[in-house]
A.B. asks: 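Dropping the structure in here first, questions after.
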2 protein chains.
Amino acid sequence: MTLRELADLLGLSQTTVSRALNGYPEVSESTRKRVVARAKALNYRPNPNATRLATGRSQAVGHVIPITSKNEMVNPIFSDFLAGAGETYAREGYQLVLNVVRESHMEDAYRSLVEQGTVDGVVVQGPRMEEPRIALLQQIGLPFLVHGRATGEDTEYSWLDVDNHCAFERATALLLSAGQRRIGLINGQEHLDFAFRRRCGYNSAHRSHSVEVDTALCYSDEMTEYFGYESARRMLQSDQPPTAFLVSSMLPAIGARRAVGEFGLQFGKDIWMIIFDDNLSYLKNSGSPPTFTAMKSSVRDAGRRCAEILLQLIRSGSSKPIQERWQAQLVMGTSTGDLVSAKEPDHDHANLTR
Amino acid sequence: MTLRELADLLGLSQTTVSRALNGYPEVSESTRKRVVARAKALNYRPNPNATRLATGRSQAVGHVIPITSKNEMVNPIFSDFLAGAGETYAREGYQLVLNVVRESHMEDAYRSLVEQGTVDGVVVQGPRMEEPRIALLQQIGLPFLVHGRATGEDTEYSWLDVDNHCAFERATALLLSAGQRRIGLINGQEHLDFAFRRRCGYNSAHRSHSVEVDTALCYSDEMTEYFGYESARRMLQSDQPPTAFLVSSMLPAIGARRAVGEFGLQFGKDIWMIIFDDNLSYLKNSGSPPTFTAMKSSVRDAGRRCAEILLQLIRSGSSKPIQERWQAQLVMGTSTGDLVSAKEPDHDHANLTR
DNA sequence: ATTACTAACCAAAGCGCTTTGAATAGGCAA
DNA sequence: TTGCCTATTCAAAGCGCTTTGGTTAGTAAT
């Protein structure tokens with residue numbers, strides 16, 4: 001069923017039918033109704049490739065996933081994010097084009113996406129502190145939204161980010177207020193912006209409490225289960241082991257807990273733990289109260305919202321940046337003792353624009 | 001830079017340039033060289049939307065991800081699979097279109113993918129025992145490849161699958177041969193085909209060893225960490241606890257290990273465990289020897305290969321099904337005692353077509 | 001020299017949409 | 001009645017490619 005056929009059937013021109021279907025004003029209401037009804041009855045759907053060619057718009061959004069031998073973007077967090085974004089795209093009639101690309105071909109990948117009119121915009125995931133993709137995208141003029149931020153980038157751009165600094169500052173402060181003095185940090189790779197900010201928050205809380213940071217307690221790498229296990233194990237077997245852990249994600253937290261168990265320590269008693277919980281669908285912080293005391297923010301929701309913002313950016317065509325900063329929510333679990341008594345200052349836990 | 005411009009610049013017709021670029025024979029070699037060189041110099045790239053419209057082919061492949069409130073396809077296994085497939089697509093110049101779709105809209109999603117010429121083929125993931133998608137795709141005539149199989153489907157179709165039956169039969173037999181008599185099975189949802197086959201393998205080994213299956217030892221659900229923990233916990237606290245576990249995936253295995261620890265049992269000594277290991281990039285079976293004794297098969301490799309087969313299917317245009325069955329590889333780890341002495345019969349461990 | 005091919009190239013017709021520039025008809029003021 | 005507006009509708013020209021159906025010139029066969 002093509003537009004042409006539909007038009008012939010209705011005894012109208014393609015122009016009119018096209019306009020009726022696309023909501024243009026110069027079509028009488030009665031005609032529009034007739035057209036829409038008939039189109040629906042015949043299950044007419046415009047050929048998107050023809051539309052794309054004619055309009056130059058693709059109704060598609062790209063996610064470019066860099067792969068390196070070392071730094072895999074394809075982690076459980078990523079897939080939850082994608083699922084969230086995918087929901088939005090599906091609802092809004094956009095297509096999600098996924099590009100798995102070697103880091104060395106990244107620039108090329110973005111360029112060809114825009115040159116070829118394959119996508120109308122892209123989501124940038126896993127930004128580093130120095131993120132070359134931002135300048136690149138600004139230069140080629142492709143609408144984009146960054147999930148996260150890039151500290152080293154001082155131009156304005158659109159982003160959605162969890163307030164990582166604040167989350168880790170709060171968590172650290174909570175532990176320090178409760179008298180903990182040796183807090184092991186099991187963090188993501190600190191050239192990635194989110195991990196850097198978390199580290200800063202951790203440092204900052206120490207500073208406010210006049211406690212010196214022991215860098216022997218700071219581990220940072222890809223957030224695998226094994227990394228969590230290994231770093232916890234090393235810290236625990238040292239002369240001055242930590243009495244609490246702050247862990248950047250559920251996976252390493254599971255590993256750290258394993259190490260704790262192997263040392264015969266009572267989890268939540270002998271040693272405390274606060275984690276950052278992305279609320280992954282396959283790695284839920286389960287139980288009631290939940291196992292882990294956590295700073296929580298759903299990465300799936302973030303994906304959903306990132307997609308929304310990007311579409312808004314694309315549709316409005318304006319280059320005015322949209323920025324949204326979310327606050328993680330504190331969830332009390334069984335991995336810490338009495339934290340509440342060491343009351344923390346008021347915080348706004350809602351998801352708010354900054 | 002359009003074809004037209006390039007042709008004008010070269011003093012040739014669009015026809016000739018197009019043919020030169022696409023390797024048609026009716027162009028002289030000298031002309032072809034000139035055209036190709038010039039195209040490269042000017043960085044000419046055909047507009048894919050125009051190509052798609054003209055040819056009806058999209059140079060894109062779809063992955064449709066069903067979401068339900070209960071059954072999330074978006075798990076770590078899925079994302080590794082996608083990463084593998086994505087590599088192949090990138091290499092072959094195909095685009096990966098991801099569709100996150102509510103189960104109820106699935107049929108529609110597939111239909112519109114093909115009707116609209118959005119993709120040239122699709123990969124079907126997570127097939128159930130009764131998998132309606134297969135008949136649907138056969139009916140609408142869209143090339144497809146199933147990752148896994150559907151027991152209830154008796155028509156011929158293309159698939160790539162790990163030999164789940166064999167893997168679990170072997171693993172179970174190993175445990176039984178070593179004298180284990182109560183083997184807890186922590187399986188995926190058994191309406192999904194892979195889990196069903198694994199269960200069959202488990203049953204079958206029991207039968208050959210004349211050991212009765214105790215259904216109180218068989219758990220089956222979404223393969224989360226918590227599910228692994230909870231089912232192991234329940235089994236361990238029963239009157240007749242298992243002495244070994246067979247676990248369907250790394251995530252529940254981690255949970256099961258946690259439960260084992262909580263019961264004060266020595267992992268690999270008081271209780272044995274064999275897992276199925278998809279070799280996930282973020283959940284590696286690390287250590288040497290590795291932590292878990294495992295039946296191992298990389299899901300990322302599977303993704304890579306699935307994509308290759310699908311492209312082959314698309315390009316050949318033939319409807320002759322391609323089927324490939326892989327054998328999981330047995331990896332000895334620290335989660336079992338002496339298994340080797342209980343020698344298993346010879347098996348071909350290579351990845352082979354059936 | 002004529003015919004018959006073949007090799008190499010080209011003009012033009014699509015693919016199915018959007019959009020520009022007109023055309024038509026009806027309504028209303030002059 | 002005429003003229004002007006507005007509300008509808010349409011024909012046709014793209015969008016940038018592929019492909020059909022030639023045409024032309026050169027070569028081989030008769």
A.B. asks: Need one value for A:R52: base, sugar-phosphate or nothing, where a base atom within 4.0 Å counts as base even if backbone is also close, heavy atoms only.
C.D. replies: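 No contact.
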A.B. asks: Holding to side-chain contact (heavy atoms from CB on, under 4.5 Å), I want the full list of residues that pass it with A:A7, two or more places apart in sequence or in another chain.
C.D. replies: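 In terms of side-chain contact (heavy atoms from CB on, under 4.5 Å), with neighbours along the sequence ignored, A:A7 is linked to A:Q14, A:V17.
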A.B. asks: What residue among A:D161, A:V146, A:L192 forms side chain to side chain contact (heavy atoms under 4.5 Å, CB included) with A:P127?
C.D. replies: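 Filter result, single survivor: A:V146.
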A.B. asks: Excluding sequence neighbours, so at least two apart, what forms side chain to side chain donor-acceptor pair (under 3.5 Å) with B:R305?
C.D. replies: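 For B:R305 the side chain to side chain donor-acceptor pair (under 3.5 Å) partners, ignoring immediate neighbours, are B:E308, B:E324.
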A.B. asks: Give every pair of a protein N or O atom and an N or O atom of nucleotides 25-28 of chain C that lie under 3.5 Å apart, one pair per line with the distance.
C.D. replies:
none

A.B. asks: What pairs of residues pass the salt bridge (Lys or Arg N to Asp or Glu O under 4.0 Å) test when at least one of them lies in residues 132-148 of chain B, not counting sequence neighbours?
C.D. replies: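 For residues 132-148 of chain B, and leaving out neighbouring residues, the salt bridge (Lys or Arg N to Asp or Glu O under 4.0 Å) pairs sorted by first residue read B:E131-B:R133.
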A.B. asks: So what is the end-to-end bend of the helix from C:dA1-D:dT30 to C:dA30-D:dT1, with 5 pairs used at each end and the value given to 10 degrees?
C.D. replies: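 The end axes of the helix from C:dA1-D:dT30 to C:dA30-D:dT1 are about 60° apart, to the nearest 10°.
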A.B. asks: Would you kindly say whether A:S158 and A:Q323 are connected by a side-chain donor-acceptor distance under 3.5 Å?
C.D. replies: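 Distance-only check fails for A:S158 and A:Q323.
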A.B. asks: Might you work through the side chain to side chain contact (heavy atoms under 4.5 Å, CB included) test for B:Y44 and B:R38, ending with a clear yes or no?
C.D. replies: CA-CA 8 Å; B:Y44 165 77; B:R38 198 61 176 277; over 6 Å; no
A.B. asks: Scan nucleotides 13-17 of chain D against the protein and return all N/O pairs shorter than 3.5 Å with their distances rounded to 0.1 Å.
C.D. replies:
{"from": "D:dC17", "atom 1": "OP1", "to": "B:Y44", "atom 2": "OH", "distance (Å)": "2.8"}
{"from": "D:dC17", "atom 1": "OP1", "to": "B:N47", "atom 2": "N", "distance (Å)": "3.1"}
{"from": "D:dC17", "atom 1": "OP2", "to": "B:L3", "atom 2": "N", "distance (Å)": "2.3"}

A.B. asks: What does A:G117 touch in the nucleic acid at a heavy-atom separation under 4.0 angstrom: a base, only the sugar-phosphate, or nothing?
C.D. replies: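 Result for A:G117 = nothing.
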A.B. asks: Using a cut-off of strictly less than 4.0 Å between a heavy atom of the residue and any atom of DNA chain C, enumerate the qualifying residues of residues 23-31 of chain B by number.
C.D. replies: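 Per residue number, the list reads B:E26, B:V27, B:S28, B:T31.
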A.B. asks: Taking salt bridge (Lys or Arg N to Asp or Glu O under 4.0 Å) as the cut-off, I'd like each qualifying pair that reaches into residues 42-62 of chain B, sequence neighbours left out, listed once.
C.D. replies: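 For residues 42-62 of chain B, and leaving out neighbouring residues, there are no salt bridge (Lys or Arg N to Asp or Glu O under 4.0 Å) pairs at all.
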A.B. asks: Can you measure A:L10 atom CG to D:dC10 atom P for me and round it to whole angstrom units?
C.D. replies: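 In whole Å, D:dC10 P lies 10 Å from A:L10 CG.
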A.B. asks: Would you indicate whether B:R315, at its atom CZ, is surrounded by more than 12 heavy atoms from other residues, nucleotides or ligands within a distance under 6.0 Å?
C.D. replies: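 Atom CZ in B:R315 is crowded, with more than 12 foreign heavy atoms closer than 6.0 Å.
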A.B. asks: 5'-most contact on DNA chain C: B:L12 or A:T16, nearest heavy atom basis?
C.D. replies: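 Between the two, 5'-proximity favours B:L12.
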A.B. asks: According to the ring pair (Phe, Tyr, Trp, His ring centres under 6.0 Å) rule, which pairs have a member within residues 86-139 of chain B, sequence neighbours left out?
C.D. replies: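 Qualifying pairs, neighbours excluded: B:H63-B:Y89.
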A.B. asks: Which atom pair, heavy atoms only, marks the closest approach of B:G62 to B:V119?
C.D. replies: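 Scanning both residues completely, I find the closest heavy atoms to be N-CG1, 3.6 Å.
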A.B. asks: Kindly state each residue pair satisfying salt bridge (Lys or Arg N to Asp or Glu O under 4.0 Å) with at least one member in residues 134-147 of chain B, sequence neighbours excluded.
C.D. replies: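 Every pair satisfying salt bridge (Lys or Arg N to Asp or Glu O under 4.0 Å) with a residue in residues 134-147 of chain B: there are none.
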A.B. asks: Quick one: list whatever passes ring-ring contact (aromatic ring centres under 6.0 Å, His included) with B:F81, sequence neighbours left out.
C.D. replies: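 Expected list: B:H147.
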A.B. asks: Counting the atoms with a prime plus P, OP1 and OP2 as sugar-phosphate, which does B:R57 contact under 4.0 Å by heavy atoms, base, sugar-phosphate, or nothing?
C.D. replies: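 Sugar-phosphate, no base atom in range.
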A.B. asks: So, using side-chain contact (heavy atoms from CB on, under 4.5 Å) as the criterion, who are the partners of A:E130 when residues are at least two apart?
C.D. replies: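 So A:E130 forms no side-chain contact (heavy atoms from CB on, under 4.5 Å) with any residue.
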